[in-house]
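Here's the structure we're looking at; comments come further down.
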Amino acid sequence: MAHHRAQDTKREQFRRYLEKTGVIDSLTSVLMTLFEQPDKPSNALEYVKQHLGASGQISADTEAQQQVIDLKQRCARLAEENKDLKAKLQHYESASEDGGTAN
């Protein structure tokens with residue numbers, strides 16, 4: 001009886017570990033996509049292997065693509081700001097050369 005409890009405790013600890021590390025969510029997600037496929041693949045195990053590895057990669061790729069988009073937008077804003085500041089500087093420099101005040 002005590003052996004059974006020890007085994008149950010180990011299983012429960014392992015289950016919590018799998019939940020904590022996201023393994024159960026990943027497996028559930030892949031199995032749900034397989035379930036929702038109208039035409040089931042002939043090799044379900046190969047499907048799971050491909051999609052388990054791909055799900056993390058897709059997420060990383062999507063995140064990287066979003067980061068590139070964000071950085072391009074930031075670069076464009078900074079280039080525009082730089083252009084405006086150069087124009088203001090040119091205005092003040094030309095005004096000081098003329099001996100007047102720049103406003």
I need the [X] [atom1] to [Y] [atom2] distance, nearest 0.5 Å.
X: L78; Y: L85; atom1: CG; atom2: CG; answer: 10.0 Å
X: K83; Y: E80; atom1: NZ; atom2: CD; answer: 5.0 Å
X: L34; Y: M32; atom1: CG; atom2: CE; answer: 10.0 Å
X: E93; Y: K88; atom1: CD; atom2: NZ; answer: 14.5 Å

Heavy-atom side-chain contact between L18 and R15 under 4.5 Å: no
Within 6.0 angstrom of K72 NZ, more than 12 heavy atoms from elsewhere: no
Flag, side chain of S29 to backbone of D25, donor-acceptor distance under 3.5 Å: no
Atom of V30, atom of V48 and distance for their closest heavy-atom approach: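 Distance-wise, the nearest heavy atoms are CG1-CA, 3.9 Å.
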Within residues 20-47 or reaching into it, pairs that qualify as ring pair (Phe, Tyr, Trp, His ring centres under 6.0 Å) - sequence neighbours excluded: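 Sorted result for residues 20-47: Y47-H51.
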Qualifying ring pair (Phe, Tyr, Trp, His ring centres under 6.0 Å) pairs with a residue from residues 63-89, counting only residues at least two apart or across chains: none
Audit row: E12, D8, side-chain contact (heavy atoms from CB on, under 4.5 Å) steps and yes/no: CA-CA 6 Å; E12 183 60 26; D8 288 345; over 6 Å; no
Sequence-distant partners of Q73, side-chain contact (heavy atoms from CB on, under 4.5 Å), two or more places apart: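 Expected list: I69, D70, R77.
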Single-linkage hydrophobic cluster F14~I24, side-chain heavy atoms < 4.5 angstrom: yes
